[in-house]
There are 2 protein chains.
Amino acid sequence: MTVGSNLAEVASLVGDPARANMLAALMDGRALTATELAYVGGVSASTASAHLGKLEAAHLLSVVKQGRHRYFRLASPLVSRMLEGIMTFAAIGGPPRYRPHGPKDAAMWLARTCYDHLAGRLGVALADAMVARGYVVLTDDAGELTPRGEAALGDIGLAVDSLQHAHKRVFCRPCLDWSERRPHLAGTVGAALAHHCFDRHWIEPIRDSRAVRITPAGQIALRKDFGIDLS
Amino acid sequence: MTVGSNLAEVASLVGDPARANMLAALMDGRALTATELAYVGGVSASTASAHLGKLEAAHLLSVVKQGRHRYFRLASPLVSRMLEGIMTFAAIGGPPRYRPHGPKDAAMWLARTCYDHLAGRLGVALADAMVARGYVVLTDDAGELTPRGEAALGDIGLAVDSLQHAHKRVFCRPCLDWSERRPHLAGTVGAALAHHCFDRHWIEPIRDSRAVRITPAGQIALRKDFGIDLS
DNA sequence: GAGATGCTTCGGCCGCGAACGAAGCGATCG
DNA sequence: CGATCGCTTCGTTCGCGGCCGAAGCATCTC
């Protein structure tokens, strides 16, 4: 059958541990080199090359050559969405899971990027705050920024108007958080919020990880603007 | 890493052709017996048993024993969503695809069920009609039933009020159609619409397939109520 | 009861594909 | 201009996992 075979074909590409780790590492939207991906995949350069070739051939990844490096990134938001769907199931739909062990995991649980927006306790807390204050309305699948929310974001210096008419990309949508098992903010609004936090140095990336650290300044600002305290 | 391994684990389960075909067959929400699934998977009963055991262990499928039969169904809407995500990518995100060949494919392209709602040319045409008439508003991710739409559906005998307050399940959302590459209606509204069409015998299931046939009565009713003509 | 039917368990076979190292090629650096 | 680095290609090895058929255990039918 036409349908099933495509399904299996794509899923089996994601179904290899090395490739899955590579894809997961690219979930934050960055582009990584073949060597970096070999490392996160836990395989040799030659093996990684074969994997990356397959992922590119299937259009899961796009590649851009720059000098002697080859930078890979997820080929489209559709890929990110697909992976998100699988990870969400893996985290909350599958067999019961356990809480984090290592300190690295702990950081991931606290705050991390998810493609281009924020997830973890911080992401969920932000979404909660936005909802509680009537800035956004969220259902399971849809989200909407209220006029009140638009104004409030404007007050803290987040230019929402310029984004507003981006009808093509999704403006505001919930994204199920695999660690908190509750929705956080994705879409244009979620991305803008994340950018804002980075710009103001409320958060900063943690090396070699999707996790982010909340700076002292961020602690203060988040409490002041959103009533968030993640101690 | 914790994340990647779960991702690979789940994806590899879907990544086997036999299992993928079984899962695809269950996408319409029905429950099938082990023997039926062995058939759609194209494998022997013993092999199917092993596959189904794995899918159940990973909580992709739930099983209910009835007499000497074991009925399998997708364990949760989360699984359906995950598969939907992969199929969507496989259909439109991957390498360029081709149009149908066999008559069976043709029927699938014309009209079929997608979990619990309608897809194919019919599904897309219904969504288009609903939008064109101002019954619903659709963005890429969200959907909303307008008061006008609510009234109109009421006129043709579709009790929408009773569904309205089902806040838990998603009320109305778009679902990307892999054959038409355009959204059709999913969510509670999409499901209610599909049920309505079945109840009135506007459409009827085609044996051993997710495809549905549009009855002569359906042709007339669809044209009258929605201005749809799929000749 | 005997005989189907539905499904699982067991044992053994086989092939795909992931793995590595060595070698080659192109780009960059000193 | 070598030397180094980033990546790919090639040839080979090897183990996991899918496959089947035979046998076994239920359950329903007559």
Side-chain angles (χ1 to χ4, degrees), chain A residues 1 4-26 30-73 75 208, chain B residues 1 4-26 30-73 75 208:
Chain A
M1 191 195 282
S5 51
N6 289 345
L7 177 60
E9 212 172 299
V10 173
S12 72
L13 281 171
V14 185
D16 176 85
R19 286 193 294 257
N21 280 325
M22 294 174 176
L23 290 168
L26 293 169
R30 281 179 309 168
L32 299 179
T33 65
T35 307
E36 288 169 327
L37 289 168
Y39 177 75
V40 302
V43 293
S44 71
S46 58
T47 303
S49 182
H51 283 311
L52 293 170
K54 290 181 189 185
L55 292 174
E56 194 202 345
H59 296 96
L60 273 92
L61 298 185
S62 64
V63 60
V64 33
K65 220 179 144 165
Q66 219 167 89
R68 56 183 167 184
H69 298 274
R70 298 190 74 204
Y71 282 93
F72 292 87
R73 61 169 65 249
D208 295 333
Chain B
M1 193 196 276
S5 51
N6 288 346
L7 177 60
E9 212 171 300
V10 173
S12 72
L13 282 171
V14 185
D16 175 84
R19 286 193 294 257
N21 280 325
M22 293 174 175
L23 291 168
L26 293 169
R30 281 179 309 168
L32 299 179
T33 65
T35 307
E36 288 169 326
L37 289 168
Y39 176 75
V40 302
V43 294
S44 72
S46 59
T47 303
S49 181
H51 283 311
L52 292 170
K54 290 181 188 184
L55 291 174
E56 193 201 345
H59 295 95
L60 272 91
L61 298 184
S62 64
V63 60
V64 31
K65 218 178 148 167
Q66 218 167 90
R68 56 182 167 182
H69 297 274
R70 299 190 74 205
Y71 283 93
F72 291 86
R73 62 168 65 249
D208 295 333

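Lettering follows sequence order; numbering is per chain, from 1.
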Interatomic distance, B/L52 CG vs C/dT8 P [rounded to whole Å]: 7 Å
Value rounded to 0.5 Å, distance of CZ in A/R19 from CG in B/L7: 11.5 Å
Minimum-distance nucleotide (side-chain atoms of B/H69 versus C/dT9, D/dT8, C/dG6): C/dG6
Residue met sooner reading DNA chain C from 5', once A/A18 and B/A45 are mapped to nucleotides: B/A45
Nucleotide nearest B/S46 (side chain, heavy atoms from C-beta), chosen from D/dG21, C/dA18, C/dT8: D/dG21
Interatomic distance where CG belongs to B/L13 and P belongs to D/dG17 [whole Å]: 11 Å
Touch class at under 4.0 angstrom, heavy-atom based, for A/A34 against every strand present: sugar-phosphate
Integer-rounded Å distance: D/dT8 C1' and A/E56 CD: 13 Å
Residues A/T47 and A/S44: side-chain donor-acceptor under 3.5 angstrom: yes
From A/F72 atom CZ to A/L26 atom CG, the distance as rounded to the nearest 0.5 Å: 9.5 Å
Candidates C/dA19, C/dT9, D/dG18 - which lies nearest the side chain of A/V43: C/dA19
Nearest-angstrom distance from the residue atom OH of A/Y39 to P of D/dG6: 15 Å
Nearest-angstrom distance from the residue atom CG of B/N21 to C1' of D/dG18: 15 Å
Interatomic distance where CZ belongs to A/R70 and C1' belongs to D/dC5 [whole Å]: 16 Å
Separation of C/dA18 P from A/H51 NE2 (nearest whole Å): 6 Å
Rounded distance (nearest 0.5 Å) linking atom CD of B/E36 with atom CZ of B/R30: 7.5 Å
Side chain of A/K54 (C-beta onward), nearest among C/dT8, C/dA18, D/dT9: C/dA18
hbond_proxy B/T47 side chain to D/dG18 base (donor-acceptor, 3.5 Å cutoff): no
Touch class at under 4.0 angstrom, heavy-atom based, for A/K65 against every strand present: nothing
Test applied, side chain to side chain contact (heavy atoms under 4.5 Å, CB included); reference residue, A/M22; option that passes from A/L32, A/D16, A/V43, A/V14: A/V43
Length of the line joining A/L55:CG and C/dA18:C1', which is rounded to integer Å: 13 Å
A/R68 or A/A48, whichever maps to the more 5' nucleotide of DNA chain D: A/R68
